[in-house]
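Just below is one structure, and these are the notes that go with it.
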Amino acid sequence: MNINLIPSNNGLGHVKRMVLLSNYLVKNHSVKLIAQPNKINKFKIKNKVKIHKFKIDLEISKKKYNYHWCENLNKKLLVEKKEEITITDNLPEIIKYKKNSILFANFFWHQILKINLRKKKIINKEIKLNRFPVICNYLFVHKKIINNFKIKRVGFFGKFRGKKKKIIKNILISIGTAKIETKTLKNINKEVDEIIDKFDNQKIIFFIDPLIFKKLNLKFRKNVLIANYSTDMYKKIDLAIIKPGLGTITSCLEYSIPMICYMKNFNKEFEHNSNIILKKKLGFKVSNLKKIFNIIKYKIDNNTYLNNYYLKCKKIKWNGESEVESIIKKFF
């Protein structure tokens with residue numbers, strides 16, 4: 001079977017999922033990963049996976065979304081072929097061009113953004129007519145997908161690598177790679193500066209998102225490092241303060257890292273994810289970083305909480321890639 005995989009470029013989570021799926025499917029199939037070069041270069045991709053470099057410019061804002069990204073694809077990739085399927089991560093527009101298309105999504109941009117109602121109806125109709133179910137994460141799928149389309153829930157991609165933690169020594173502060181409004185980013189930088197000062201005598205090492213790191217006043221600070229999101233980094237992290245995109249959430253659960261969701265004028269995707277985290281008791285939620293000090297001191301930084309969190313993450317459903325392959329085999 002020839003399989004094309006195309007991830008959305010808005011954040012690394014979509015890309016990471018399609019890379020993991022590519023690496024898994026290439027054992028039994030011919031796989032082509034169609035993605036933005038500066039995104040896929042951050043991940044290890046098996047040699048057998050064919051790479052087609054393509055910049056997807058979705059132009060996402062509160063009221064804007066590029067429905068026509070497919071038109072910029074190489075025309076050869078849009079030709080309908082037998083024994084070929086296309087899997088996209090949060091890109092339903094592909095259905096118009098490729099009948100054998102499987103959608104992976106926990107939400108769709110056209111559902112959560114305030115954009116043209118007529119276009120929303122057209123895309124919804126195309127998704128409903130698609131012969132494949134929408135594949136989604138079994139915990140974090142949005143109600144608008146559950147209520148409108150046929151779905152197939154699968155586990156998280158990857159496998160559990162967590163270790164039991166004893167105390168909080170290393171804290172990650174991550175706001176993701178997607179664009180953030182200048183005013184919001186400025187407020188975030190200010191709060192991060194304040195919280196690092198507050199923990200100055202606690203012997204805590206902070207791993208800071210590159211977007212924030214370059215704006216911090218680092219004079220005389222030896223306890224602040226730039227986050228590179230590598231396996232080695234995640235192995236060290238004891239607590240993560242995050243903008244709750246599914247990619248970051250998955251990494252935290254993978255390494256049994258307790259999460260504090262930091263909500264600062266982010267869109268409905270992150271609001272939904274943070275509510276699931278609260279509901280499933282996988283973390284906490286704050287609107288100001290000053291509040292995390294008491295959460296850490298009175299709720300997280302103890303053996304009982306950290307041990308229970310490890311056990312909870314271990315029980316989570318993993319290896320979603322194998323479930324996706326089973327779905328492919330069922331329909332082909």
Side-chain angles (χ1 to χ4, degrees), residues 160-176 184-213 215-227 229 232-245 248-266 270-271 273-316:
F160 181 65
R161 306 168 192 268
K163 292 183 179 179
K164 292 182 180 180
K165 307 177 192 305
K166 295 181 180 179
I167 58 173
I168 304 299
K169 292 182 179 179
N170 300 299
I171 297 177
L172 169 67
I173 300 181
S174 173
I175 59 168
T184 301
L185 185 58
K186 188 175 181 180
N187 289 333
I188 291 171
N189 290 335
K190 183 180 178 182
E191 288 186 28
V192 171
D193 254 327
E194 290 174 355
I195 199 65
I196 291 173
D197 284 340
K198 194 172 182 67
F199 279 89
D200 195 39
N201 297 321
Q202 304 293 318
K203 296 183 179 179
I204 298 289
I205 302 295
F206 286 92
F207 291 77
I208 307 293
D209 190 292
L211 278 176
I212 307 172
F213 184 88
K215 298 289 186 180
L216 292 178
N217 178 14
L218 296 176
K219 192 175 182 180
F220 305 121
R221 285 179 173 167
K222 296 181 180 180
N223 65 329
V224 180
L225 303 173
I226 190 167
Y229 300 102
D232 287 340
M233 185 204 78
Y234 275 112
K235 285 179 179 178
K236 296 174 184 175
I237 301 300
D238 303 306
L239 171 70
I241 299 158
I242 64 169
K243 182 177 79 171
T248 308
I249 291 169
T250 301
S251 295
C252 289
L253 296 176
E254 182 182 351
Y255 291 93
S256 60
I257 301 169
M259 294 172 280
I260 298 178
C261 299
Y262 177 50
M263 301 303 299
K264 199 77 173 177
N265 195 29
F266 300 142
F270 304 107
E271 187 67 37
N273 288 347
S274 66
N275 290 337
I276 296 296
I277 286 171
L278 284 178
K279 182 180 177 180
K280 299 295 181 180
K281 297 182 179 179
L282 292 169
F284 304 88
K285 179 179 175 180
V286 297
S287 57
N288 190 302
L289 287 180
K290 293 177 182 178
K291 297 178 181 179
I292 74 166
F293 189 83
N294 286 337
I295 292 176
I296 293 171
K297 186 175 181 180
Y298 297 110
K299 295 184 178 181
I300 294 177
D301 199 7
N302 62 77
N303 284 338
T304 301
Y305 181 89
L306 294 173
N307 185 60
N308 289 341
Y309 196 86
Y310 164 81
L311 295 173
K312 189 176 292 186
C313 293
K314 192 175 182 180
K315 292 177 181 177
I316 281 173

Between Lys285 and Glu271, does a salt bridge (charged side-chain N to carboxylate O under 4.0 Å, His left out) hold up when you go through it step by step?
CA-CA 10 Å; Lys285 179 179 175 180; Glu271 187 67 37; 2.6 Å; yes
Holding to side chain to side chain donor-acceptor pair (under 3.5 Å), I want the full list of residues that pass it with Asn308, two or more places apart in sequence or in another chain.
none
Considering only distance and modelled atom types, tabulate donor-acceptor pairs under 3.5 Å from the side chains of residues 161-170, sequence neighbours left out.
from   : atom 1 : to     : atom 2 : distance (Å)
Arg161 : NE     : Glu254 : OE2    : 2.5
Lys165 : NZ     : Ile237 : O      : 3.1
Lys165 : NZ     : Tyr255 : O      : 3.4
Asn170 : ND2    : Lys236 : O      : 3.0

State, with a plain yes or no, whether a side-chain heavy atom of [X] is found less than 4.5 Å away from one of [Y].
{"X": "Tyr309", "Y": "Leu282", "result": "yes"}
{"X": "Thr248", "Y": "Lys243", "result": "no"}
{"X": "Tyr234", "Y": "Leu172", "result": "yes"}
{"X": "Tyr229", "Y": "Ser251", "result": "no"}
{"X": "Phe284", "Y": "Ile300", "result": "yes"}

Report yes or no: does [X] contribute a side-chain atom to a donor-acceptor pair with the main-chain N or O of [Y] at less than 3.5 Å?
{"X": "Ser274", "Y": "Phe270", "answer": "yes"}
{"X": "Asn302", "Y": "Lys299", "answer": "yes"}
{"X": "Asn223", "Y": "Ile204", "answer": "yes"}

Search all heavy atoms of [X] against all heavy atoms of [Y] and return the closest pair with its distance.
{"X": "Leu239", "Y": "Pro258", "answer": "CD1-O, 3.3 Å"}
{"X": "Pro244", "Y": "Ile277", "answer": "CB-CD1, 4.3 Å"}
{"X": "Ser174", "Y": "Asp209", "answer": "OG-OD2, 3.7 Å"}

Using the test side-chain contact (heavy atoms from CB on, under 4.5 Å), find all partners of Ile195 that sit at least two apart in sequence or belong to another chain.
Ile173, Lys198, Phe199, Leu289, Ile292
Check for me whether the distance between the ring centres of Phe160 and Tyr310 falls short of 6.0 Å.
yes
